[in-house]
Amino acid sequence: MNPASIPGLPSGISEQLADDGIEELYPPQAEAVDAGLTTGESIVASVPTASGKTLIAELAMLSAIERGGKALYIVPLRALASEKKSEFEKWEKHGFSVGVSTGSYESSGEWLATRDIIVATSEKVDSLLRNNAPWIADLSCVVADEVHLVDDRHRGPTLEVTLAKLRTVNPGLQTVALSATVGNASEVADWLDATLVQSDWRPIELRTGVHYGSAINFDDGSQTALPTGSHDRQTEAIVDDTLSDGGSTLVFVNSRRNAESAAKRQAGVTKRHLTDSERSSLSELADAIRDVSDAETSDTLARVVEKGAAFHHAGLAAEHRSIVEDAFRDRLLKVIAATPTLAAGVNTPSRRVIIRDWRRYDGEYGGMKPLAVLEIHQMCGRAGRPGLDPYGEAVLLAKSADEMDELFERYIWAEPEAVQSKLAAEPALRTHVLATIASGFATTKEGLLEFLDGTLYATQTDAGGEFGRLEQVTDSVLAYLDVNEFIERDGDSLSATPIGHTVSRLYLDPMSAAEIIDGLRSFEEGATTAVRRSKPTPPDGELETAFSTASDLRETDQQETGNADDQETIDRPTPLGLYHLVSRTPDMYQLYLKSGDKSTYTELCYERESEFLGQVPSEFEDVRFEEWLSALKTARLLEDWALEVDEDRITDRYGVGPGDIRGKVETAQWLLGAAEELAGTLELGSNIAVREAKKRIEYGVRDELLDLAGVRGIGRKRARRLYEAGVESRTDLRDAEKGVILGALRGRRKTAETILENVGRENPSMADVREIEPSVRSAVAPDTSDVTDEESESTSQTNSGGQASLGDFE
DNA sequence: AGTTAGGGCGTCTAGACAGCATGTC
DNA sequence: CTAGACGCCCTAACT
């Protein structure tokens, strides 16, 4: 089928496709068109990666817009949202506008209403539905990318519920679901009332095999001799071989540490294959990597990149990741050793893919768990760059003949698993049941179950009669929501309370909200009794009893230390207290407690007991104590960040990468924002303290730098240097002698000018300004001088290296 | 004496979505 | 009930 014979397309589109060199549609694309893709039929396309799924989506969206309405493209990752946006922007010259909406991407609801194509994550779409975005009703087509992710325990239910809601709101909606090859694509198609298009066709050949001994044995029975030779490891031998052929390699391993050490070894191979010009480009790249962050990870990465290799995992900063991905796509980097981040993320094809580890540690499983067939196939699918490589090869590594046989059986010959709805899990239902009630989708339990009947879960259980399980879980979830006063039950009818509405709108897990509310309330209780007794006690008898112990603790503490200053600290929650509060909610991914951490944080727990909001579980009696401690570890990381502790110090103190810090900070910011609003809604007095703690996390600074750090172009480091040079505020920035500012910014004229411009200084020019070296003031370390009481105690060890209250971190 | 290969032992384990509301003289 | 790669330290054997 050629572009001109596709029905239903807006004018000019077929010509554009032909101009792009598309003479003939790929077979799966043609099949989808034949099934009515461009005339409004719903389609489930279960096809391999890189076999033209994007065009299927584009054809559906453009023709749907032509018929009237707008199109929504749902992606699983934020990084993919911007990738898709730039792909779709090529249609803007034909009059189709594109907008993106993700949590971090700024765009208001009204602005989106003017766009024809909207790209968003499934969570964002869910959130927009909860907040009744008006344009949802105008949708005529929704595309769900990577729909097999409904199988994911954490995020699958959101996608499932979101699609169900979109289809309920808009019964005529065309649904196009793009999926990897899965075991039960027809079931997914049944669920979405769609025609199934299934195909194994790929635009370039993919060969899959197992390396064992001195050859790769391929699925077609052929062999490629590949002796380990001088290399003592299989991976390096294959990388070397691929490189001699001018190709790149992607190596999948099962842990971050393995990725880094593999990259170091491979750098020894790649460095022998570089041209002079590549060497110099790589060295520029390494500098760019070092500029991103001064954490050790950054330097390690830069050192391997100089030699043409790289590693890739979630501990990297986002900038690191995109630098690595781009350089690999440009063929500058010859090999990447990666954790599964890369298989799920943006498009990074490679001549060869090596799957070194096919088992991964899983605590619940209790050991090394074999990866899913689907996951292995996704990794293999990265092999072969369309238009660049003659073919792609995916190689699994075996250390014995038995293992080779097992790998063939388990993965190469195997069909991928069936996707299975995870909706009946309680955490998922908790959120979605509340949202469904709050947004008026259901007003009775029957209505709720009726709505849930539109989900994949229902499709999959209808036959087996297992729907009863969903009803059971729904009952217990309703009871939970009722007890926590998020919903009200009046006979059969269900409605959300004001706080329930807020929780749903804030996109919080109700359990997180309950934890935050309890924490803030218990503080209120404590503060009221201990300090003033002026505020009326909330008319909630249960709460009073529940937290009487916490109040008592506070009172005791208060008497012991009892001076005016302490009364003030007790009047508002401390940052650590708040960081801990949000860190222990289910919405925060917790840090892992390493050996030795347990005693370190137990000690810290007692030391700063008075700061925690709510009751501290008993060290000896309560099983939740360890969880409490890992939340404390997370809270300490956040506190360190807000105390301006160096990034590289934080990374080795907590055993995390720069990317993890950013992630934690972002989540904390979001949760503190939610806490602020909850405190406001419930008229709890702590919202000012919450707001400040949030601001400090946002910029990673102490109080006194908040004003400066809010200026564009000034981060935590520049703010501190300016402050030490005597430039303490925006006003100072506008009035201070330029030489001083330039000196504080280490003579960077361009940066200084940009900053002065951003702060609105009359004449920002730095021409002819002589740099004034920072004087004595700068010799004063930030945390030994102007620190408030509440902080100095905890940070004396931070920079001074003195006896640490927290013990041996180093 | 310095270096390196190899064994024993302890340690540690993938990923990443979401709210709100804007700023400056 | 269940794993395994890595790094570190130690020792033995080698140059």
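Convention: sequence-line order gives letters A, B, ...; per-chain numbering from 1. The structure presented is a predicted model; accordingly, all values stated were derived computationally and were not measured.
- Summarising the base pairing, dA1(B) is matched to dT15(C) through a Watson-Crick or G-U wobble pair whose two defining distances lie under 3.5 Å.
- For dC1(C), there is no paired nucleotide, since no Watson-Crick or G-U wobble pair has both relevant distances below 3.5 Å.
- Within 4.0 Å of Gly673(A), counting heavy atoms only, lies at least one base atom of the nucleic acid.
- When the nucleotides dA14(B), dG4(C), dA16(B) are ranked by their closest atom to the side chain of Pro340(A), dA14(B) comes out on top.
- A distance cut-off of 5.5 Å between ring centres, combined with a plane angle under 30°, places Trp670(A) in a stacking arrangement with the base of dA18(B).
- Between the side chain of Arg359(A) and the base of dA3(C), no donor-acceptor pair of N or O atoms lies under 3.5 Å.
- Cation-pi geometry between Arg716(A) and Trp641(A) is met: under 6.0 angstrom from the ring centre, within 45 degrees of the axis.
- Geometrically, Lys399(A) does not engage Tyr212(A) in a cation-pi contact defined by less than 6.0 Å to the ring centre and at most 45° from the axis.
- Between Arg265(A) and dC6(C) there is a side-chain N or O to OP1 or OP2 distance below 4.0 Å.
- For the pair Thr121(A) and dA18(B), the criterion of a side-chain N or O lying under 4.0 Å from OP1 or OP2 is met.
- Within the structure, every side-chain polar atom (N or O) of Lys664(A) is placed at least 4.0 Å from both OP1 and OP2 of dA16(B).
- If you check every strand for non-hydrogen atoms under 4.0 Å, Lys594(A) touches sugar and phosphate atoms only.
- Pairing for dC17(B) is absent, judged as Watson-Crick or G-U wobble with the two contacts each under 3.5 Å.
- For the P atoms, the distance from dA14(B) to dA5(C) is 15 Å, rounded to whole Å.
- Residues Asp660(A) and Lys664(A) are not paired through a salt bridge, judged by the lack of any N-O separation under 4.0 Å between the basic side chain and the carboxylate.
- Whole-Å rounding puts the Asp362(A) CG to dC1(C) P distance at 17 Å.
- Using modelled atom types, no side-chain atom of Ser504(A) and backbone atom of His501(A) make a donor-acceptor pair closer than 3.5 Å.
- Nearest to the side chain of Asn131(A), among dA14(B), dC20(B), dG15(B), sits dC20(B).
- Closest-nucleotide positions on DNA chain B for Ser595(A) and Gly663(A) were compared, and the one nearer the 5' end corresponds to Ser595(A).
- Rounded to whole Å, atom P of dC17(B) lies 15 Å from atom CD1 of Ile74(A).
- Among dA5(C), dA18(B), dT11(B), the nucleotide with an atom closest to any side-chain atom of Tyr507(A) is dA18(B).
- Among the atoms of the strands shown, none is found under 4.0 Å from any heavy atom of His154(A).
- Between Glu375(A) and Arg360(A), at least one side-chain N (NZ, or NE/NH1/NH2) sits under 4.0 Å from a carboxylate O, which counts as a salt bridge.
- For Thr158(A) and dC17(B), the shortest distance from a side-chain N or O to OP1 or OP2 is not below 4.0 Å.
- No contact: Arg662(A) has no heavy atom under 4.0 Å from any strand.
- Between Arg584(A) and Glu627(A) there is no salt bridge, since no side-chain N of the basic residue sits under 4.0 Å from a carboxylate O of the acidic one.
- Of the side-chain N and O atoms in Arg257(A), none sit less than 4.0 angstrom from OP1 or OP2 of dC8(C).
- Between Arg130(A) atom CZ and dC17(B) atom C1' the separation is 12 Å, expressed in whole Å.
- Base pairing analysis places dC10(C) opposite dG6(B); the two distances defining the Watson-Crick or G-U wobble pair are each below 3.5 Å.
- Computed from coordinates, the Arg233(A) CZ to dA5(C) P distance equals 9 Å when rounded to whole Å.
- Within the nucleic acid shown, Arg78(A) comes within 4.0 Å of sugar-phosphate atoms alone, with no base atom in reach, counting heavy atoms only.
- Positionally, the nearest nucleotide of DNA chain B for Arg256(A) lies more toward the 5' end than for the other of Arg256(A) and Ser127(A).
- Rounded to a whole Å, the CG atom of Asp152(A) is 14 Å from the P atom of dG15(B).
- Closest to the Arg321(A) side chain, of the nucleotides dA16(B), dA18(B), dC6(C), is dA16(B).
- The side chain of Lys399(A) lies closest to dA5(C) when the candidates are dG15(B), dA18(B), dA5(C).
- Here dT13(B) is the nucleotide among dC17(B), dG23(B), dT13(B) with the atom lying nearest to any side-chain atom of Tyr592(A).
- Not a single donor-acceptor pair, N or O on each side, falls under 3.5 Å between the base of dG4(C) and the side chain of Tyr361(A).
- Nearest nucleotide to the Arg734(A) side chain, out of dA18(B), dC20(B), dC25(B): dC25(B).
- Base engagement by Thr667(A) is indicated by at least one non-hydrogen atom pair under 4.0 Å involving a base atom.
- Comparing dC6(C), dA14(B), dC17(B) by their closest approach to the side chain of Glu123(A) singles out dC17(B).
- In this structure, NZ of Lys694(A) is placed 16 Å from P of dA18(B), rounded to the nearest angstrom.
- Atom CG of Asp597(A) is separated from atom P of dT11(B) by 12 Å (rounded to the nearest Å).
- Within 4.0 Å (heavy atoms only), Asn254(A) reaches sugar-phosphate atoms of the nucleic acid but no base atom.
- Heavy atoms of Gln669(A) sit under 4.0 angstrom from at least one base atom.
- His313(A) and Glu260(A) share a side-chain donor-acceptor pair at under 3.5 Å.
- Between Glu364(A) atom CD and dA14(B) atom P the separation is 15 Å, expressed in whole Å.
- For Ser255(A), the listed nucleotide lying nearest its side chain is dT13(B); candidates were dA18(B), dT13(B), dT11(B).
- Listed for the Gln234(A) side chain is a donor-acceptor partner under 3.5 Å among the backbone atoms of Ala398(A).
- Picking from dC20(B), dC17(B), dA14(B) the nucleotide with the shortest atom distance to the side chain of Leu77(A) gives dC17(B).
- In this structure, Arg761(A) contributes its side chain and Leu733(A) its backbone to a donor-acceptor pair below 3.5 Å.
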